[in-house]
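One structure is given here, and the rest of the page talks about it.
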Amino acid sequence: MHNPRWLIVLTLSAALCARLSAQEAETGRAALGREMLYALQDAVKEAKRKIGPALVHLHVSAAGMGGQMVQTPFGMARTRGTDPNMTGIIISKNGHVLIPMFFEKDKVERLEAWLGDKECRAKFVAGDKQLQMSILKLETDQEFSPIDIYGLGSADVGNWVVSVFTLGKEREFATFTTLGMIGGTAPSGAEVQFNATNINVQKTGAPVVDLEGRLVGLIRNNSVLAVESVRDALEKFVEQTTGEKKKKKDDDEKGQPFIGIIAAAINEQYAEAVGLPKSGIWVKHVLDDSPAKEAGLMPQDLIVAVDGKAIERTGGNAMKFYTSLLKPEIGREIGLKILRNGEEMEFRTKFVKRDEDKTYQADDVGISVKNLTGTDYYGKSLFTTEGVLVTEIKRGSPAGSSVRYGSTAIMQNDVILEFMGQEVKTVDDLRNAIERVRAEKPDFVLVKLLRGRMTEFSVLNMKIGEKAGDGSKGDSK
Amino acid sequence: MTKYLLPTIVLTLWLIQLRVNADDIANDIFKEVDPSVVAIQHERAGGSGFIVSEDGYILTNGHVVNGGDGEDPTKPAKSITVILNDETRYKAKVVGHSLDPDVALIKIEPNTKLLPVKIGDAEKIKIGEKVFAVGMPFGLKRTFTSGIISNDRRTDLGTYTWVLQTDAAINPGNSGGPLFNQQGEVIGLNTYGGGGNNLGFTVPINVALVMKDNYLKHGRFRRAALPYMQMGEINDEMKKAFGVDGGVLVHYVMPGTKAEKDGFRLGDVIVELNGAPVKADNHADFLSFRWKLVSMPVDTRVAFKVMRRTNDGHETVTIESALEEDEPMPRGAGRNIGEIPETRIDVLGIGFRRMVRIARLMHKLDDAPGVWVTWADGSLPAGKAGLRAGDMIVEVEGQPVTTPDEFEAAIERHLTAKKEHIVIRFMRQKEIELTAIKPYYDIKDKKIALIAPDADGEYVKMVYKTLFSDGANVTIATPSGNPVDLGGGESLNTNSTIETLDPEAFDAVIVAGGDGAEGLWENRAAIDFVQKLFGKKKTVCAYGAGVLVLANAGGKLLEKKLTAPEKYSKILGDKNAKYTGKTVERDEKVITGNGFDKAAMRSFLSRVRLSLR
């Protein structure tokens with residue numbers, strides 16, 4: 001018997017059940033979303049907690065900050081002045097503070113620093129024009145909790161980042177935290193800059209960290225600098241200024257993992273023309289005395305797979321992918337599949353330890369040099385395998401003094417062939433020659449260089465850069 | 001008291017007299033020199049110059065008469081007019097010109113004897129001496145300015161020789177004009193108005209005269225050299241470091257070159273040249289020494305005495321050498337220098353030049369033979385293959401190429417075969433790289449008739465090459481059917497006479513320009529062919545004088561907008577043609593160009609190719 005009332009009840013209950021279960025599902029999703037947001041919230045708080053104590057609010061006034069007169073296409077104009085308020089980050093236990101703005105020591109007129117709302121004395125230590133950064137020092141006795149500038153995070157698109165900046169006295173020294181996502185990176189000269197949502201690029205000095213609290217960027221000059229792109233220069237500047245050395249790895253790990261292949265992604269149009277895969281890595285050179293040479297790899301081999309994983313990308317992406325597959329590590333064994341004259345071949349080889357390139361730094365001459373390696377020979381298109389490569393020139397030193405417009409007595413990437421009449425083949429030869437200079441104290445030293453393809457004679461005026469009564473000549477490293 | 005009166009009066013009178021005299025000097029000099037100063041005008045710009053002979057030789061700056069052709073810096077302007085101070089005008093021809101030293105010699109054929117300038121000595125002029133400049137800044141008005149020598153040896157401008165600097169006002173248009181001393185003698189050619197105020201630079205007259213002699217003898221400056229070494233001054237610091245009293249230092253000797261074979265070693269100090277002492281304590285001295293050497297006649301035998309370091313001091317070595325003519329200088333080797341023409345394959349987007357030693361040093365290339373890439377457009381096949389300026393091409397499809405001609409011929413062979421890829425081996429610095437150019441062949445298999453005059457045509461080769469490089473089948477037709485005479489002994493093979501062209505077989509026609517094309521205006525076969533293709537709605541093109549053939553074809557063609565060289569505008573107007581005067585005109589399938597220069601031809605050809613795609 002059909003009872004319509006039952007039918008109605010049944011229908012209603014079914015509808016109610018369906019409604020209820022839908023509600024339940026929605027509640028589940030919302031809960032999950034909330035969970036995620038809480039997690040993000042916690043991560044932001046954690047990141048802020050980590051870096052908050054390492055921040056200092058600064059008020060720096062220096063000559064030139066009020067804007068400068070510059071020539072524009074429309075005549076002379078005054079540039080907009082720089083905001084003297086900025087955020088500094090503490091980078092050493094002794095209270096060294098890094099600010100991403102270059103100041104010359106004698107141009108800093110006034111320097112005020114606040115840790116939280118507590119004013120403390122600070123002095124200017126040094127500026128690096130190339131990096132456009134300066135280091136100050138807080139002069140209080142307390143122990144600081146610095147940001148680790150050696151453990152950097154990378155600026156990859158899509159990464160969440162947190163930026164924290166400080167405000168001045170009129171805003172009661174509040175700190176502000178913003179959360180953003182890296183939207184894109186772009187090279188700017190030798191550096192890399194990135195942009196991220198919600199990051200206020202006018203807050204000079206504010207650090208940008210990832211959710212683990214690792215430093216990723218610094219706000220400098222109305223943009224965000226990817227700190228990793230200046231890692232070497234920054235480490236050097238910090239080491240020189242604070243005297244604190246980066247913690248060296250264990251001796252066993254010292255030295256670079258080395259395999260001896262110089263390679264690049266294959267030229268796609270060439271590959272197409274000769275019927276090779278477009279997604280391979282073209283071996284340009286195999287260095288002498290290298291594991292790759294021993295294994296039998298040859299120039300013009302095309303690497304198509306590493307450890308069984310095929311390289312399926314082209315151009316720069318192929319190279320990135322290849323490097324990520326290599327995972328260079330001393331002692332790691334890898335399998336390379338290559339194409340040679342149309343035939344597939346397999347090789348096994350192993351990363352070995354290569355002693356760190358021998359370097360030498362002579363501050364009184366103003367040069368840093370290293371022994372030439374096969375990588376330098378090919379990578380820098382050098383026309384000699386003997387001599388020492390100049391890696392750095394100290395400004396204002398005998399080597400760094402200008403001889404003509406745009407060139408100095410010795411320049412970066414020059415190869416020194418002879419120093420004060422003594423032939424130079426290795427760093428040790430140069431060290432001996434410089435020691436002789438120190439003993440004999442000549443006014444002028446003749447240097448024979450290789451600059452590009454050409455030899456050139458340069459004369460160093462050893463009186464340059466020497467302060468009256470400065471007996472503290474010496475070298476380091 | 002009275003005893004001082006007379007001397008005071010005398011002194012005052014003398015001072016007044018002196019002042020009058022100073023004014024008189026300027027006035028007298030102006031009167032004296034003005035007839036020798038001329039204005040120079042051509043299609044691109046102009047400047048000033050001065051007469052150096054009664055029969056019409058005129059000195060001016062190289063950049064005043066240069067044609068401004070980015071590919072061929074050795075090309076002078078096309079039509080140069082000289083205007084004398086009495087406003088008479090003459091056509092001038094360029095005897096020789098160079099951009100650095102910035103000196104040109106031009107010649108007019110005057111009706112009367114001209115008044116040449118008096119020549120002075122730039123070596124003797126000293127800082128502070130009063131000088132006068134004459135020229136035509138910003139147009140035709142003669143301008144006389146005065147000042148002093150502010151620097152008698154500027155070497156830091158990157159010029160090949162040292163130059164004088166003056167504060168006499170020198171503005172655009174003054175270029176090439178003379179700088180006079182107080183005796184009314186020319187001491188230099190005004191050349192660069194510096195960026196700042198009261199900074200003018202002047203090429204010394206002594207340099208200009210050497211250039212003039214070279215131009216008269218050879219039509220160009222034959223720089224004598226001992227290839228290849230780099231030298232420089234020995235300043236006080238270097239004297240101490242080297243333990244010598246001075247001289248010229250050999251910084252670099254290129255291995256395998258004549259300098260090395262003749263016995264030069266790096267580190268040698270040249271102390272004597274042909275028995276005369278050599279001393280260069282500063283850069284100006286060094287430039288003077290170098291000028292002395294390069295301005296000697298080619299093949300001159302010279303003797304150098306050099307000091308060479310030994311383990312216990314120095315030994316003296318004599319090196320005898322015959323000077324050779326130096327290689328042409330590439331762009332970038334000096335301030336404005338550039339003496340090597342570029343060849344371009346437009347559709348591939350590549351330009352290349354002869355390789356010279358300085359280019360090898362500039363780009364860190366080794367001594368392998370090859371062809372120097374000086375332009376590569378990133379959006380065109382060569383650029384897409386990864387080639388760029390500074391590379392050196394060494395092989396095309398496995399065949400070595402050592403000269404621009406060889407490279408061009410090799411590429412053309414493969415383009416003719418319509419090869420999909422052309423494999424190129426090149427060097428970038430020391431690295432050997434491989435790539436393949438993938439031509440677009442945008443107008444592949446289009447059949448184009450190129451109607452050209454038998455001789456005196458313009459840009460015929462360029463049109464032919466551009467179209468066939470882009471994949472077209474180009475048939476060249478002349479009235480006689482004989483090869484097209486390209487001038488200078490060069491010719492281009494012809495495939496047909498105009499009469500035998502079959503209108504059914506072509507997608508487009510192009511009538512070439514040049515003075516010779518005036519002979520095509522009434523050519524019945526050419527006119528008929530153009531009419532037929534136009535009737536079939538095919539692409540009809542012409543440039544330069546060739547445009548008149550289109551106008552003479554008449555009918556509906558006259559309803560199309562046309563452009564042509566300005567000198568034909570009246571004829572076109574008389575025919576009721578729609579003359580627009582643009583560089584290139586495209587009205588549906590009728591494309592015309594004024595064919596003024598290579599740039600105009602490029603934009604004409606790109607329209608033609610676009611219409612055929």
Side-chain angles (χ1 to χ4, degrees), chain A residues 71 262-276 278 282 284-285 299-300 302 315 377-385 398 401 403-406 409 413 417-421 437 442-464, chain B residues 155-158 195 228-230 232 234-243 249-255 265-267 269 283 309 311 357-358 360-367 381-382 384-387 397 419-438:
Chain A
Q71 176 74 46
I262 294 180
I266 188 168
N267 178 306
E268 286 171 61
Q269 294 196 184
Y270 173 71
E272 197 181 308
V274 298
L276 284 171
K278 286 197 215 172
W282 184 250
K284 291 172 127 183
H285 306 282
Q300 309 210 351
L302 185 69
Y377 179 72
Y378 291 114
K380 296 190 186 292
S381 262
L382 300 179
F383 279 78
T384 176
T385 50
S401 61
V403 284
R404 273 191 297 280
Y405 181 73
N413 288 335
L417 303 172
E418 198 186 289
F419 199 90
M420 201 165 91
V437 169
D443 290 348
F444 301 106
V445 170
L446 180 69
V447 187
K448 187 163 105 187
L449 304 163
L450 191 68
R451 187 168 288 173
R453 263 197 76 167
M454 281 202 286
T455 44
E456 191 156 328
F457 290 95
S458 228
V459 174
L460 303 183
N461 182 345
M462 298 306 290
K463 295 284 171 213
I464 288 179
Chain B
T155 61
D156 48 356
L157 300 166
Y228 180 96
M229 53 186 193
Q230 284 274 340
I234 299 187
N235 58 22
D236 288 344
E237 297 179 0
M238 288 183 135
K239 282 179 199 168
K240 284 182 189 147
F242 267 91
L249 176 64
V250 177
H251 278 278
Y252 172 68
V253 181
M254 193 182 253
R265 297 292 173 262
L266 62 115
V269 177
H283 199 52
R309 283 188 299 169
N311 288 335
R357 294 182 199 101
I358 292 183
R360 291 182 191 279
L361 299 176
M362 279 161 52
H363 300 296
K364 288 209 221 169
L365 294 160
D366 72 15
D367 291 328
K384 283 195 171 164
L387 289 164
E397 287 286 345
K419 269 200 82 152
E420 200 185 332
H421 297 99
I422 304 170
V423 175
I424 304 284
R425 184 187 284 268
F426 67 99
M427 297 192 71
R428 177 165 298 159
Q429 302 196 345
K430 278 178 53 194
E431 290 286 303
I432 293 176
E433 311 268 358
L434 282 159
T435 186
I437 295 178
K438 216 174 152 182

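Each chain gets a letter, A, B and so on, in the order its sequence line appears, and its residues count up from 1.
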Taking every heavy-atom pair that is under 4.5 Å apart, which of Val250(B), Val423(B), Asp366(B) has the most such pairs with chain A?
Asp366(B)
Candidate pair Leu266(B) and Lys448(A), rule side chain to side chain contact (heavy atoms under 4.5 Å, CB included), full reasoning:
CA-CA 10 Å; Leu266(B) 62 115; Lys448(A) 187 163 105 187; 3.5 Å; yes
Residue part contacting chain A, namely of Gln429(B), when any heavy atom lies under 4.5 Å:
both
Glu418(A) and Arg309(B) ion-paired at < 4.0 Å
yes
Lys430(B) NZ/CZ over Phe383(A) ring centroid, <6.0 Å and within 45° of normal
yes
What heavy-atom pair brings Ala241(B) and Phe444(A) nearest, and what distance separates the two atoms?
CB-CB, 4.4 Å
Could you state the interatomic distance from CG (Leu434(B)) to CD (Gln300(A)), rounded to the nearest 0.5 Å?
6.0 Å
The interface call for Met254(B) against chain A, heavy-atom contacts under 4.5 Å, is side chain
Does any backbone or side-chain atom of Asn311(B) lie under 4.5 Å from a heavy atom of chain A? Answer side chain, backbone, both or neither.
neither
Taking atom NZ as the centre, does Lys239(B) end up with more than 12 heavy-atom neighbours from other residues, nucleotides or ligands that are less than 6.0 angstrom away?
yes
Within this structure, what is the OG-CE distance for the pair Ser458(A) and Met238(B), rounded to the nearest 0.5 Å?
6.5 Å
Trace of the side chain to side chain contact (heavy atoms under 4.5 Å, CB included) decision for Gln230(B) with Glu456(A):
CA-CA 9 Å; Gln230(B) 284 274 340; Glu456(A) 191 156 328; over 6 Å; no
Find the one option among Leu460(A), Asn267(A), Leu382(A) whose heavy-atom pairs under 4.5 Å with chain B are most numerous.
Asn267(A)
Say whether, by atom type as modelled, one donor and one acceptor occur between the side chain of Lys384(B) and the main chain of Gln269(A) under 3.5 angstrom.
no
Sort Lys240(B) into side chain, backbone, both or neither according to what part of it lies under 4.5 angstrom from a heavy atom of chain A.
side chain
Do you know which of Val253(B), Ile424(B), Asp367(B) has the most heavy-atom pairs with chain A at a distance under 4.5 angstrom?
Asp367(B)
With only heavy atoms counted, which part of Glu268(A) is less than 4.5 Å from chain B, the side chain, the backbone, both or neither?
neither
Check for a donor-acceptor pair, side chain of Arg453(A) on one end and backbone N or O of Arg360(B) on the other, with a separation under 3.5 Å.
no
Interchain contact, Leu249(B) with chain A, by part (heavy-atom threshold 4.5 Å)
side chain
Distance (rounded to the nearest 0.5 Å) between Leu450(A) CG and Tyr252(B) OH:
8.5 Å
Among Leu446(A), Val274(A), Asp443(A), which residue has the highest count of heavy-atom pairs closer than 4.5 Å to chain B?
Leu446(A)
Given that the side chain runs from C-beta out, which part of Ile437(B) has a heavy atom under 4.5 Å from chain A: side chain, backbone, both or neither?
backbone
What part of Ile422(B) gets within 4.5 angstrom of chain A, counting heavy atoms only: side chain, backbone, both, or neither?
neither
Side-chain donor/acceptor of Thr455(A) to backbone N/O of His251(B), under 3.5 Å:
yes
